Amino acid sequence: MIDLKDLRETPDKYRKGAADKNVRVDIDAILDFDLRHRAAQQEFERLRAEQNAASQSIGKLKDPEEKKLAVARVGTLKASVKDAEERARQLETDLQALLLLVPQPADLDVPVGRDASENVVVSKWGEPKKFNFKTQNHIELAQKLKIVDFEAGVKLGGSRSYMLLGAGAELHMAVIRLALDIMVRENGFTQVTVPVLVREEAMQGTGFFPTGREQAYHVSEDNLFLTGTAEVGLTAMHAGQTLEESQLPLRYVAVSTCFRREAGTYGKDTAGLYRVHLFDKVEQVVIARNDIEESKLWHRKMLGFAETLLQRLELPYRIIQCCTGDIGVKNASMLDIETWMPSRFDGKDPATGYGETHSASRLYEFQSRRLNLRYKGADGKVRYCHTLNNTVVASPRILIPIIENYQNEDGSVTVPEALRGYMGGRETIS
RNA sequence: GGAGAGGUGGCGGAGUGGCUGAACGCGCCGGUUUCGAAAACCGGUUAACCGCAAGGUUACGGGAGUUCGAAUCUCCCCCUCUCCGCCA
């Protein structure tokens, strides 16, 4: 949610912000609704004041005849008050609905671009390994090693379903535990468990609704939604509260199962572990003071925590600054991490070999406004918090680069050193 | 799933149709007192929105309704608690 006052004062900022993000919103219509809403509001308030005054005087009247007359007089006022109220309320509802669609304008340091093709590579870490034998993709490797059963998954859960077994499931838990240890033990984040079944307000408050509603599973029986990330729980946890500045920044991390309908992706990445309906993810969220520089600092730090994990796993990756057309309505800025997945590499252009594994978002007040998440500053003023989030690790997607980069000629997979401690010291999967 | 109780300001807790945006207590802020503090005493202390201002409107879990007028009456929803049943 953007600030209506700010939109009123600097509409061009939001016109450009939406255009840059390829989002169509009619800012002029919003301004017009706003104008009409305020006029209607004032009209209603004037009439209501009149009615209130008249009603109050009735209470003081003693003479029953006089009272009767006064009641009748106010009775006629009632209808016009109700009318004016209805008009003002309707305008407000329309205005709010439109306002929810206005994207957060991208930050100035975000390159303008149409879509993912115009994203910018910021940095690279590690060199993709050269194999001196014919490599296999993670699907072939995993099936031969019997660490993933796709058929069973589909039989039970339909398309984009899978079952990890044996060392596959162990590997999955190992990366999650490594991710949690990095965040909790090494970086002081507080681990939290979150509800993955939430009310509509939590989805709207975190900005996943109304745009993107079709991506969430809806449990209609209870009118609850399955979350696609722990970001929802971690960010909405303090909704409606006024925190103390001294509590900030809040640093939370959670593992949760994530549910995504993947509507509109038919035919994309249909095979394997890349795009699935259900996965587990360790997510980091920071709720910070209302300070742009501080937000930027945390953004880089949070990116760094994810890099730490990939470096421990010795997986080559690159960092992408997403362009305006690819950062979604919520974000002021978004940086993705793409990890080297040998099976995606076309043999010529190295850029083809990287697949997205992480996404770090900086949202400023966008979610806080929707969630009414504020804090009282040292100066006594109440402000909206800034929120940020980033993946620490999402599995099984991360198993793709692990299995593929660590494969051996005989089809076995070496367990990354950083994970061995979580797998009883196991060194290879064969 | 069945039965019942309840949701009021930062907290506790009054309030069953107009004089209640809300008694009283606690807390908090300012002052008096004090070398300083505590105690005591005095004063202040809800928020959002519209408006240059004066002022006005709204809000007692949320929504709808009754009424000239609702924290107070009616209906629906949400949430919390207690008991019974069932259950990991």
Side-chain angles (χ1 to χ4, degrees), chain A residues 1-9 30-100 102 193-205 209 218-225 232-233 236-248 256-257 290 365 368-385:
Chain A
M1 173 80 72
I2 51 101
D3 182 2
L4 177 58
K5 270 188 201 147
D6 196 45
L7 180 113
R8 220 142 51 201
E9 283 157 22
I30 294 175
L31 291 173
D32 183 52
F33 267 110
D34 176 43
L35 218 60
R36 280 158 56 209
H37 168 247
R38 278 188 295 162
Q41 187 71 29
Q42 280 176 37
E43 172 67 2
F44 156 67
E45 287 179 6
R46 191 183 60 76
L47 288 166
R48 176 50 67 84
E50 208 177 305
Q51 186 195 8
N52 283 349
S55 288
Q56 230 164 45
S57 67
I58 288 174
K60 296 191 178 97
L61 293 176
K62 292 271 148 40
D63 180 52
E65 272 308 307
E66 242 182 276
K67 210 165 189 167
K68 230 172 141 183
L69 273 166
V71 168
R73 221 176 310 121
V74 179
T76 58
L77 243 182
K78 242 183 102 171
S80 52
V81 172
K82 204 172 173 183
D83 258 28
E85 183 173 23
E86 186 46 47
R87 239 174 299 133
R89 189 193 304 244
Q90 188 55 53
L91 282 164
E92 165 149 37
T93 307
D94 295 346
L95 180 62
Q96 285 303 322
L98 283 173
L99 224 42
L100 283 175
V102 181
T193 71
V194 294
V196 294
L197 202 53
V198 304
R199 296 158 171 273
E200 181 157 11
E201 297 88 272
M203 296 300 276
Q204 184 166 104
F209 286 4
H218 181 204
V219 180
S220 59
E221 183 77 3
D222 298 290
N223 199 27
L224 294 169
F225 298 85
V232 176
M237 180 177 173
H238 296 290
Q241 297 184 356
T242 304
L243 305 165
E244 289 298 325
E245 180 164 358
S246 58
Q247 295 176 259
L248 305 179
S256 82
T257 299
N290 192 311
E365 301 178 9
S368 291
R369 283 186 178 278
R370 293 181 176 228
L371 291 166
N372 197 227
L373 168 58
R374 303 175 302 169
Y375 71 97
K376 190 180 219 158
D379 57 2
K381 265 197 168 171
V382 175
R383 294 184 181 81
Y384 288 104
C385 300

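By convention in this document, chain letters (A, B, ...) are assigned in the order of the sequence lines, proteins followed by strands, and residues within each chain are numbered from 1. Since this is a predicted model, take the numbers as computed values, not measurements. Computed over heavy atoms, backbone and side chain alike; hydrogens, waters and symmetry mates excluded.
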Across every strand shown, the nucleotide meeting Watson-Crick or G-U wobble geometry with B:A59 (both distances under 3.5 Å) is B:U46

Which pairs would a plain distance check flag for residues 68-85 of chain A, meaning a side-chain donor or acceptor within less than 3.5 Å of a matching protein atom at least two apart in sequence or in another chain?
| residue | atom | partner | partner atom | Å |
| --- | --- | --- | --- | --- |
| A:Thr76 | OG1 | A:Arg73 | O | 2.6 |
| A:Ser80 | OG | A:Leu77 | O | 2.8 |
| A:Glu85 | OE2 | A:Arg89 | NH2 | 3.4 |

Determine which nucleotide pairs with B:A53, using a 3.5 Å limit on both distances of a Watson-Crick or G-U wobble pair.
none

Using a 4.0 Å heavy-atom cut-off across all strands, classify A:Arg8 as base, sugar-phosphate, or nothing.
sugar-phosphate

Integer angstrom distance from the C1' of B:G7 to that of B:A71
12 Å

Please list, by residue number, the residues of residues 75-85 of chain A whose heavy atoms come closer than 4.0 Å to an atom of RNA chain B; answer none if no residue qualifies.
A:Lys78

Is A:Ala49 touching bases, backbone alone, or none of the nucleic acid, heavy atoms closer than 4.0 Å?
sugar-phosphate

Take atom C1' in B:C73 and the same atom in B:C86, then report the distance between them in whole Å.
38 Å

Please give the distance between the P atoms of B:G43 and B:G36 as a whole number of Å.
24 Å

Going by salt bridge (Lys or Arg N to Asp or Glu O under 4.0 Å), name the residues that satisfy it together with A:Arg38, two or more places apart in sequence or in a different chain.
A:Asp34

Report the residues that fulfil salt bridge (Lys or Arg N to Asp or Glu O under 4.0 Å) with A:Glu66, sequence neighbours left out, ordered by chain and then residue number.
none

Set of residues satisfying side chain to side chain contact (heavy atoms under 4.5 Å, CB included) with respect to A:Val194, sequence neighbours excluded
A:Val192, A:Ala230, A:Leu234, A:Ala254, A:Ser256

Re B:A70: Watson-Crick or G-U wobble partner, both distances kept under 3.5 Å, found to be none

First and last nucleotide of RNA chain B in contact with chain A, 5' to 3', at under 4.0 Å to a heavy atom: what are they?
B:G18 to B:C79

List in chain and number order the residues that pass ring pair (Phe, Tyr, Trp, His ring centres under 6.0 Å) with A:Tyr375, two or more places apart in sequence or in another chain; answer none if no residue qualifies.
none

Tell me every residue that passes salt bridge (Lys or Arg N to Asp or Glu O under 4.0 Å) with A:Asp32, counting only those two or more places apart in sequence or in another chain.
A:Arg36

Over all strands shown, is A:Val71 touching base, sugar-phosphate only, or nothing at heavy-atom distances under 4.0 angstrom?
base

Would you kindly compare A:Val74 and A:Arg199 by the position of their nearest RNA chain B nucleotide and give the one closer to the 5′ end?
A:Val74

Looking only at atom P, what distance separates B:G65 and B:C50, rounded to whole Å?
26 Å

Does the pair A:Leu243 and A:Lys376 meet the rule for a side-chain contact (heavy atoms from CB on, under 4.5 Å), with working shown?
CA-CA 6 Å; A:Leu243 305 165; A:Lys376 190 180 219 158; over 6 Å; no

G-U wobble or Watson-Crick pairing nucleotide for B:G10 (cut-off 3.5 Å, both distances):
B:C26

I'd like the C1' distance from B:C19 over to B:C11, given in whole Å.
28 Å

Distance (rounded to the nearest 0.5 Å) between A:Leu373 CG and A:Met237 CE
11.0 Å

Partner of B:U32 under the Watson-Crick or G-U wobble criteria, both distances under 3.5 Å, comes out as B:A40

Over 60° means perpendicular and under 30° means parallel, so tell me whether A:Phe225 and A:His218 are parallel, tilted or perpendicular.
parallel

Considering only atom P, compute the distance from B:A70 to B:G62 and round it to an integer number of Å.
16 Å

Who does B:A3 pair with, Watson-Crick or G-U, both distances under 3.5 Å?
B:U82

Where A:Arg370 and A:Met1 come nearest, the two heavy atoms and their spacing:
NE-N, 2.8 Å

How do A:Ile58 and A:His37 order along RNA chain B: which one's closest nucleotide is nearer the 5' end?
A:His37

Mind checking the P distance from B:C79 to B:U57? Whole angstroms is fine.
34 Å

How is A:Arg73 classified with respect to the nucleic acid when contacts are heavy atoms under 4.0 Å: base, sugar-phosphate, or nothing?
nothing

Got a sec, which residues hit salt bridge (Lys or Arg N to Asp or Glu O under 4.0 Å) with A:Arg383, two or more places apart in sequence or on another chain?
A:Asp379

Interatomic distance at P, B:G15 relative to B:A23, whole Å
14 Å

Sugar-phosphate, base or nothing in reach of A:Gln41, heavy atoms under 4.0 Å:
nothing

